[in-house]
Amino acid sequence: TTRPKAATVGVGRQVILRPAIQKRYVELDDPSLSDQRTDLERLRDAVDDLELTVEPRVLATVGRTLRSSDWKVTAVVVDDALVGVEPGDTTGTAYAIAVDLGTTTVVATLMDVKTGTPAAVRSMLNKQQPFGADVISRISATMLDPEGLPRLQELAQQTISELIAEVCDEAGVERTSVYEVAIAGNATMIQLLLGIDPEPLGVAPFILASRSYPGLMAADIGLDVHPFARVVVLPALGAYVGGDIIAGALASGMDRDKRLRLFIDVGTNCEIVLGDSTRLLSTAAPAGPAFEGASIRCGMRAADDAIEVVKLSPDGVALQVIGDVEPVGLCGSGLVDAVAELVAVGLLDSSGRLLTAEGARAVIPGLADRLVELDGGERVFVLHWSGEVGDVEHAIYLSQRDVRELQFAKAAIATGWNLLLTEYGASVADVQQVLLAGSFGSYLSAANAVRIGLVPKVPVVRIVSAGNVAGEGAKMALLSIREREGARRLLDEVRYVELSDRPD
């Protein structure tokens with residue numbers, strides 16, 4: 001016997017490789033008048049440790065391949081389903097694709113399931129973006145236009161298909177060598193991808209079409225991989241705690257850790273999980289699009305030209321810009337930094353109000369000239385003079401309204417984890433680790449998140465950037481049938497706490 005191979009996935013998780021994809025090279029006896037077993041019987045006899053099932057459309061391809069290959073073939077099996085027969089020995093080649101289907105960004109990772117390593121990773125903006133920045137906007141689009149649902153389904157499929165083409169081309173892998181696709185996404189994104197009316201998700205009492213979607217084939221949802229490849233959709237807890245959070249909880253090992261941990265996926269719809277190996281609670285907090293740069297006067301998504309880090313001192317402002325170029329806007333992490341820094345230097349009071357220029361001169365005179373008013377009287381703090389100093393119209397600034405937008409977003413998230421702590425019967429002092437998930441969480445300053453109350457006031461060393469754990473959970477589902485079953489078990493282990501009907 002050999003020791004099982006393992007891969008490191010998620011937040012340092014070791015996963016024993018037990019993929020659903022199996023390949024068996026077999027050399028079959030030629031049929032004869034004295035051996036008239038069927039083609040399928042010969043295959044089943046050769047791999048008698050598996051209970052092979054096969055669909056007629058797969059079986060239709062088997063006979064010709066067997067005969068053209070002199071009966072020396074590789075059987076491709078996913079779970080117990082025969083998905084193909086390939087000429088010769090192709091056992092060294094087996095791929096799958098993990099997809100994080102986000103409202104804003106979609107990420108695809110091509111996985112070599114033989115080794116457990118990624119072969120290529122690509123991302124792009126979700127092509128549904130013109131229909132709105134958040135799930136409610138996209139649900140509304142399907143309600144207002146009869147063609148909205150098929151159009152949004154088509155755009156989701158196009159996004160994933162383009163990413164599949166990119167990762168396969170980058171790695172030099174034939175798309176027909178991809179036998180499984182795992183997709184983690186929020187409930188709205190999944191139902192739109194599958195062409196299921198999302199309207200019940202957007203109105204009380206917020207009902208899912210289904211928690212899980214077994215038996216899907218890639219071709220049925222327009223994905224160009226192996227013709228009979230299977231699709232694994234990570235199950236959802238509720239309308240606003242979807243498969244992306246199940247994937248994140250799986251990758252973070254929330255159900256296996258004895259420590260009380262708080263998992264926060266910061267985004268437009270912020271999903272939160274609190275618990276340990278004995279009990280898990282989850283909820284969703286509608287934070288809005290501020291963290292994506294939307295609704296912020298000079299806001300933009302985290303791309304080249306965006307201010308991502310802000311530091312204030314008595315002498316001035318220091319900025320870090322993505323791409324190290326002249327900035328054109330402020331992304332979510334820069335927004336949090338700017339507000340936290342203004343609080344730290346005393347230019348923003350505890351209620352979120354910016355000081356006047358006169359008040360600023362008494363507190364920190366070196367920054368007072370950056371506190372100005374727009375024509376409507378709204379107070380702003382200038383982060384960068386793009387044109388002449390004093391030309392506010394062409395400057396990048398943080399406005400009083402922007403501060404309020406961040407306060408609304410922060411308040412939603414803080415309410416979510418506070419109520420989960422109440423339900424759990426724990427206090428902030430009991431939280432031993434905070435995991436910040438998602439692309440935004442990866443770049444968020446832990447100290448500034450604590451300073452503005454976005455996360456509990458715990459020592460900064462206890463706050464960990466978990467990265468894209470939704471995508472990591474999708475990888476785990478591809479690499480291990482045991483982990484895939486663990487995702488299903490989480491449906492029974494996690495209790496969803498609905499916030500909408502709570503008077504507190």
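All of these numbers come straight from a predicted model, not from anything done at the bench. Side chains included, hydrogens not; waters and symmetry mates left out as well; all remaining heavy atoms used. Index from 1, following the sequence.
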Check: Is a donor on one side and an acceptor on the other found under 3.5 Å between the side chain of D430 and the backbone of S427?
Finding: yes

Notebook entry, point to check: If we only count heavy atoms from C-beta on, is the I463 to V458 side-chain gap below 4.5 Å?
Noted result: yes

Check: Below 4.0 angstrom, N of the basic side chain to O of the carboxylate: do R151 and E154 qualify?
Finding: yes

Check: Do side-chain atoms of T422 reach the backbone of N418 as a donor and acceptor pair under 3.5 angstrom?
Finding: yes

Next item on the list: Answer yes or no: is there a side-chain heavy-atom contact under 4.5 Å between I413 and F291?
Entry: yes

Margin query: Any non-hydrogen side-chain atom of V83 less than 4.5 Å from a side-chain atom of R230?
Written below: yes

Note to self: One thing to verify: whether E485 and R488 come together as a salt bridge, which I'm taking to mean a side-chain N less than 4.0 angstrom from a carboxylate O.
What the structure shows: yes

Next item on the list: Could you tell me which non-hydrogen atom of V431 sits nearest to which non-hydrogen atom of V434, and how far apart they are?
Entry: CG1-CG2, 3.9 Å

Note to self: So, taking the atom named CE in M476 and the one named CE in M111, what distance separates them when rounded to the nearest 0.5 Å?
What the structure shows: 11.0 Å

Note to self: If we count only N and O atoms by modelled type, under 3.5 Å, do the side chains of E498 and S500 hold a donor and an acceptor together?
What the structure shows: yes

Note to self: Under a 3.5 Å distance rule, please check whether Y240 uses its side chain to pair with a backbone N or O of T188 as donor and acceptor.
What the structure shows: no

Notebook entry, point to check: Okay, side chain of E483, backbone of V15: is any donor-acceptor separation there less than 3.5 Å?
Noted result: no

Next item on the list: Check for a donor-acceptor pair, side chain of S252 on one end and backbone N or O of M254 on the other, with a separation under 3.5 Å.
Entry: no

Next item on the list: Look up atom CD1 in I164 and atom CG in D224, then write down how far apart they are to the nearest 0.5 Å.
Entry: 7.5 Å

Item checked: Under 3.5 Å: donor-acceptor pair, side chain of T74, backbone of T90 -> yes

Check: Around E170, counting heavy atoms of other residues, nucleotides and ligands shown, do more than 12 lie under 6.0 Å from its CD?
Finding: yes

Notebook entry, point to check: Do K114 side-chain atoms and T91 backbone N/O form a donor-acceptor pair below 3.5 Å?
Noted result: yes

Next item on the list: Determine, stepwise, if the pair L406 / V336 fulfils side-chain contact (heavy atoms from CB on, under 4.5 Å).
Entry: CA-CA 8 Å; L406 179 62; V336 172; 4.2 Å; yes

Note to self: Checking V62 against L40 for the side-chain contact (heavy atoms from CB on, under 4.5 Å) test, could you report, in this order, the C-alpha distance in whole Å, the side-chain angles of both residues, the deciding distance, and whether it holds?
What the structure shows: CA-CA 8 Å; V62 170; L40 184 56; over 6 Å; no

Check: Short question: side chain of W417, backbone of L274 - any donor-acceptor pair under 3.5 Å?
Finding: no

Item checked: A306 versus C331, closest heavy-atom pair with distance -> CB-CB, 3.9 Å

Checklist line | Pair E180 + R484: basic N to acidic O under 4.0 Å | finding: yes

Item checked: Reported CG-to-CG distance for the pair L478 and L17, which is rounded to 0.5 angstrom -> 11.5 Å

Note to self: Whether R256 and E493 form a salt bridge (side-chain N of Lys/Arg under 4.0 Å from carboxylate O of Asp/Glu) is what I want to check.
What the structure shows: no

Next item on the list: Could you check if a side-chain atom of V309 sits within less than 4.5 angstrom of a side-chain atom of Y443, using non-hydrogen atoms only?
Entry: no

Next item on the list: Identify which one of L163, T105, I160, V107 satisfies the side chain to side chain contact (heavy atoms under 4.5 Å, CB included) criterion when paired with M124.
Entry: L163

Notebook entry, point to check: Hey, are D49 and R24 close enough for a salt bridge, meaning a charged N less than 4.0 Å from a carboxylate O?
Noted result: yes

Notebook entry, point to check: Which residues pass the ring pair (Phe, Tyr, Trp, His ring centres under 6.0 Å) test with F263, sequence neighbours left out?
Noted result: none

Check: What distance do D80 atom CG and L52 atom CG have between them, rounded to the nearest 0.5 Å?
Finding: 7.0 Å

Next item on the list: Indicate the atoms forming the closest heavy-atom contact of A449 with L444, along with that distance.
Entry: CB-CD2, 3.9 Å

Notebook entry, point to check: Where is the tightest heavy-atom contact between P118 and T109, given as atom of each residue plus distance?
Noted result: CB-CG2, 3.7 Å

Check: Any side-chain heavy atom of K23 sitting closer than 4.5 Å to one from V76?
Finding: yes

Item checked: Nearest heavy atoms of V241 and E271, plus distance in Å -> CA-CG, 4.2 Å

Note to self: Does R482 have more than 12 heavy atoms from other residues, nucleotides or ligands lying within 6.0 Å of its CZ?
What the structure shows: no

Item checked: Residue pair L237, I245: steps toward the side-chain contact (heavy atoms from CB on, under 4.5 Å) verdict -> CA-CA 8 Å; L237 278 168; I245 300 309; 5.5 Å; no

Notebook entry, point to check: Heavy atoms, side chains only, cut-off 4.5 Å: are P198 and L192 in contact?
Noted result: yes

In a table with atom names and distances, give each donor-acceptor pair under 3.5 Å that connects a side chain of residues 135-145 to protein atoms at least two apart or in another chain.
from: S137; atom 1: OG; to: D134; atom 2: OD1; distance (Å): 3.0
from: R138; atom 1: NE; to: G132; atom 2: O; distance (Å): 2.9
from: R138; atom 1: NH1; to: T103; atom 2: O; distance (Å): 2.9
from: R138; atom 1: NH1; to: Q128; atom 2: OE1; distance (Å): 3.1
from: R138; atom 1: NH2; to: T103; atom 2: O; distance (Å): 2.8
from: R138; atom 1: NH2; to: G132; atom 2: O; distance (Å): 2.9
from: S140; atom 1: OG; to: I136; atom 2: O; distance (Å): 2.9
from: T142; atom 1: OG1; to: I139; atom 2: O; distance (Å): 2.6
from: D145; atom 1: OD1; to: E147; atom 2: N; distance (Å): 2.9

Notebook entry, point to check: Heavy atoms, side chains only, cut-off 4.5 Å: are N448 and I452 in contact?
Noted result: no

Next item on the list: Compare every heavy atom of A249 with every heavy atom of L490, then report the nearest pair and how far apart it is.
Entry: CD1-CB, 4.2 Å

Notebook entry, point to check: Side chains of D79 and T53: closer than 4.5 Å at any heavy-atom pair?
Noted result: no

Notebook entry, point to check: What's the spacing between L82 CG and F228 CZ if we round to 0.5 Å?
Noted result: 10.0 Å

Check: Could you state the interatomic distance from CG (D255) to OG (S277), rounded to the nearest 0.5 Å?
Finding: 8.5 Å

Pairs under 3.5 angstrom only: tabulate donor-acceptor contacts from the side chains of residues 278-288 to other protein residues two or more places apart or in another chain.
from: T278; atom 1: OG1; to: D276; atom 2: OD1; distance (Å): 2.6
from: R279; atom 1: NH2; to: Y424; atom 2: O; distance (Å): 2.9
from: T283; atom 1: OG1; to: V497; atom 2: O; distance (Å): 2.7

Next item on the list: Apply the side chain to side chain contact (heavy atoms under 4.5 Å, CB included) test between V106 and each candidate in L125, D100, N126; give the one that qualifies.
Entry: N126

Notebook entry, point to check: Does the Q432 side chain pair with the main chain of L260, one donor and one acceptor, at a distance under 3.5 Å?
Noted result: yes

Next item on the list: Give a yes or no answer on whether the side chain of R175 reaches the backbone of C168 with a donor-acceptor pair at less than 3.5 Å.
Entry: no

Note to self: Which label fits H226 and Y179: parallel for a plane angle under 30°, tilted from 30 to 60°, or perpendicular past 60°?
What the structure shows: tilted

Note to self: Between N186 and D244, do the side chains contain a donor N or O and an acceptor N or O under 3.5 Å apart?
What the structure shows: no

